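Report on the following structure.
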Amino acid sequence: MNRTSDSSVSRRTMVLQLAPAAAALAMSGIVPAMAADRSRNDPGPTNPPLDAQNVDSAWPPATDSKSLVQNFKYPFSFANKRAYEGGWSREVTVRELPVSKSMAGVNMRLTAGGVRELHWHTAGEWAIMLYGTARITSIDKEGKSFVADVKKYDLWYFPGGIPHSIQGLEPDGCEFMLVFDDGDFSESETVLLSDAMAHLPPEVLAKNFSVSQESLKGLPKQELFIFQTEVPGSLEADQKAAGGALERSTVDFAFRTMEMPPTKSTKGGEVRIVDSSKFKVSATTMAMVTVRPGGLRELHWHPNADEWQYYIAGKGRMTVVATGNKARTMDFQAGDVGYVERTLLHYVENTGDTDLVFLEMFKSSYYQDVSLSEWLAHTPPELVMAHLRIDRATFDAMPKTEVVVMPL
Ligand code: MN
Ligand code: MN
């Protein structure tokens, strides 16, 4: 089926394109001839660009259920930006996407020199760089310093309560995605250095730091959150200055994703799985999936955790089969968040003509999935054939191990 989302394609053309497939299905007796259904039009009002991006919502596949499945998509385009001199942030939490109870995402941009100010929070912070370069700082539980520079697709992880900062570097700062292990997390509810200082009696601060009250009179009266300052000097100089009398931290809060070979590579695409076996400090797991045009992230589910998705490039669609005979298909493109609850069957198909790249994120220190094909291949064949009403040749042709991205 032609899955073009060009809004210039008229309903009539769509119906004509659908007709052969529908006719074939009708002859097979599986479904009525839906393409001939004169109800498949919408006199309006409509929003053609949005409909074109969401063809599987506008006209769901016949296999979707008519009973409602909780929405599992939220585009960052709908999230309002908190803009500052120095950068901006926007977030998709359980407030925007009610199904996303276990994780929340914050998208942030910092200019060269722009700082996400020193702060901490209770949630664990996992991040992936999407653009440019940044310098991150932290200390470990022993008070030893950590300062590192990160580039596109590098990760970092700051456990709950560990203070940190992020600053954009030359030439054009950075953009990154933060993923928190709490759907209720909000970037506007963190403990900021500036805010904390503004809420403490000046005489206490003076006593605490062993300085005069006069020397602290310039403290900000309100939070900074994001602010513009000078681009920092060399990494070595910052590491040395921050280290002071203590050695540097032996904990690496950063991970260089692209220095690792793909975990699995096929004709259809590849996956890089980074869990705590590779990125020791992280209690959040990432599978970065690339699906080539025509490819399919195979049918599977995750027994151990909900899946929070972020689409980085390309176009795709996903069907989630929910419990109680429910199913829904939704379309995704760069900038969208998707969500699949623990144990629900799903696939992700590339519906565009460029590589589809997306993240599968889990609130878990390890990765776990069950491949539908692998399960069926390791079940007595007669039993599977009786369920699916397929012959032996068809059973034999099905993949016998987990492929991850089809085709093999
Ligand atoms: Mn943070
Ligand atoms: Mn998945």
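In this text the structure is predicted, and so the values were computed from the model without any measurement.
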SB check R135 D149 (cutoff 4.0 Å)
yes
Output all residues satisfying ring pair (Phe, Tyr, Trp, His ring centres under 6.0 Å) with F227, sequence neighbours left out; order by chain, then residue number.
none
Steps toward side chain to side chain donor-acceptor pair (under 3.5 Å) verdict (E402, H300)
CA-CA 9 Å; E402 178 167 11; H300 68 282; over 6 Å; no
To the nearest 0.5 Å, what is the distance between CZ (R272) and OG1 (T290)?
7.5 Å
Quick one: does F78's side chain get under 4.5 Å of E96's, heavy atoms only?
no
Any side-chain heavy-atom pair of R328 and S57 under 4.5 Å:
yes
Angle class for the F332/F72 ring planes (parallel below 30°, perpendicular above 60°, tilted otherwise)?
parallel
Test your reading of the model: is there a side-chain donor-acceptor pair from H121 to the backbone of H119, 3.5 Å cut-off?
no
Roughly how far, to the nearest 0.5 Å, is SG of C174 from CD of Q167?
9.5 Å
Counterpart residues, side chain to side chain contact (heavy atoms under 4.5 Å, CB included), relative to T122 (two or more places apart):
none
Partner set under side chain to side chain contact (heavy atoms under 4.5 Å, CB included) for S373, not counting sequence neighbours
E298, S371, P399
Please report the interatomic distance OG(S138) to CD1(I166), rounded to the nearest 0.5 Å.
10.5 Å
Mind checking ring pair (Phe, Tyr, Trp, His ring centres under 6.0 Å) for F358 and listing every partner two or more places apart, or none if nothing turns up?
Y311
Shortest non-hydrogen contact from S65 toward S67
OG-O, 3.1 Å
Using a 3.5 Å distance criterion without hydrogens, assess whether the side chain of S194 forms a donor-acceptor pair with backbone atoms of P220.
no
The criterion is side chain to side chain contact (heavy atoms under 4.5 Å, CB included); which residues satisfy it with R109, sequence neighbours excluded?
W88, Y131, D172, E175
Could you tell me whether the side chain of V99 reaches within less than 4.5 Å of the side chain of V340, counting heavy atoms only?
no
Donor-acceptor pair, T93 side chain versus S186 backbone, under 3.5 Å?
no
Heavy-atom side-chain contact between V348 and L356 under 4.5 Å
yes
Would you confirm whether D238, through its side chain, and L235, through its main-chain N or O, come within 3.5 Å as a donor-acceptor pair?
no
Where at least one partner belongs to residues 179-201, residue pairs that pass salt bridge (charged side-chain N to carboxylate O under 4.0 Å, His left out), sequence neighbours excluded:
R116-E187
With a sphere of 6.0 Å drawn around CG of L216, does it hold more than 12 non-hydrogen atoms of other residues, nucleotides or ligands?
yes
Distance-only check: which donor-acceptor pairs under 3.5 Å involve side-chain atoms of residues 243-254, not counting sequence neighbours?
residue	atom	partner	partner atom	Å
R248	NH1	Q239	OE1	3.4
S249	OG	D140	OD2	2.7
S249	OG	V251	N	3.0
D252	OD1	A254	N	3.1
D252	OD2	R256	NH1	3.2

Sorted by chain and number, sequence neighbours left out, side chain to side chain contact (heavy atoms under 4.5 Å, CB included) with L299 holds for L345, Y347, L372
Run through V320, D56, V55 and flag the one making a side chain to side chain contact (heavy atoms under 4.5 Å, CB included) with T329.
D56
Check each of W126, W308, Y339, Y367 against F362 using the ring pair (Phe, Tyr, Trp, His ring centres under 6.0 Å) test, and report the only one that passes.
Y367
With a 6.0 Å cut-off (strictly less than), is the heavy-atom count around NZ of K267, excluding the residue itself, greater than 12?
no
Is it true that, when you exclude K141 itself, more than 12 heavy atoms of the residues, nucleotides or ligands shown sit nearer than 6.0 Å to its NZ?
no
Kindly indicate whether the side chain of I226, heavy atoms from C-beta on, has any atom under 4.5 Å from the side chain of L110.
yes
Would you name the heavy atoms of L224 and E117 that are closest together and state the gap between them?
N-OE2, 3.1 Å
Does K264 use its side chain to pair, donor to acceptor, with the backbone of P262 at less than 3.5 Å?
no
Can you tell which of W120, F146, F158 makes a ring pair (Phe, Tyr, Trp, His ring centres under 6.0 Å) with H164?
F158
Return the NZ to CZ distance between K280 and F255, rounded to the nearest 0.5 Å.
9.0 Å
Side-chain (N350) to main-chain (T354) donor-acceptor, under 3.5 angstrom
yes
Non-neighbouring partners of Y157 that pass ring pair (Phe, Tyr, Trp, His ring centres under 6.0 Å), sequence neighbours left out:
none
Would a distance-only check, ignoring hydrogens and angles, find a side-chain to backbone donor-acceptor pair under 3.5 Å from R317 to M330?
no
Tell me, which pairs form a salt bridge (charged side-chain N to carboxylate O under 4.0 Å, His left out) where one or both residues lie in residues 352-365, sequence neighbours left out?
R292-D355, R297-E360
Determine whether L376 and H387 satisfy the following criterion, side chain to side chain contact (heavy atoms under 4.5 Å, CB included), listing intermediate values before the conclusion.
CA-CA 11 Å; L376 297 181; H387 278 81; over 6 Å; no
Is the backbone of L50 close enough, under 3.5 Å, to the side chain of N54 for a donor and an acceptor to pair up by distance?
yes
If you take all heavy atoms of D306 and S102, which pair is closest and at what distance?
CB-OG, 3.6 Å
In Å and rounded to the nearest 0.5 Å, what is the OG1 to CE distance from T284 to M361?
6.0 Å
All ring pair (Phe, Tyr, Trp, His ring centres under 6.0 Å) counterparts of F395, not counting sequence neighbours:
none
Run the side chain to side chain contact (heavy atoms under 4.5 Å, CB included) test on R392 and M385 for me, step by step, so that the C-alpha distance in whole Å, both residues' side-chain angles and the decisive distance to 0.1 Å come before the verdict.
CA-CA 7 Å; R392 183 74 202 205; M385 288 154 58; 3.9 Å; yes
Minimal heavy-atom distance between Q368 and H302, with the atoms involved, is O-ND1, 3.0 Å
Rounded to the nearest 0.5 Å, what separation is found between the CG atom of L205 and the NE2 atom of H199?
12.0 Å
For a quick test of reading the model, state the closest non-hydrogen atom pair linking N304 to S364 and the distance between them.
ND2-OG, 3.2 Å
For W156, give me all partners under side-chain hydrogen bond (donor to acceptor under 3.5 Å, both in side chains), at least two apart in sequence or on another chain.
E125
Give the minimum heavy-atom separation between L130 and N107, together with the two atoms involved.
CD1-ND2, 4.4 Å
Would you mind reporting whether L118 and T137 have side-chain heavy atoms less than 4.5 Å apart?
yes
Given 3.5 Å as the limit, does a donor-acceptor pair link the side chain of K278 with the main chain of M260, or not?
no
Side chain to side chain contact (heavy atoms under 4.5 Å, CB included), that's the test. Do I128 and Y153 meet it? Break it down for me.
CA-CA 6 Å; I128 185 166; Y153 291 162; 4.0 Å; yes
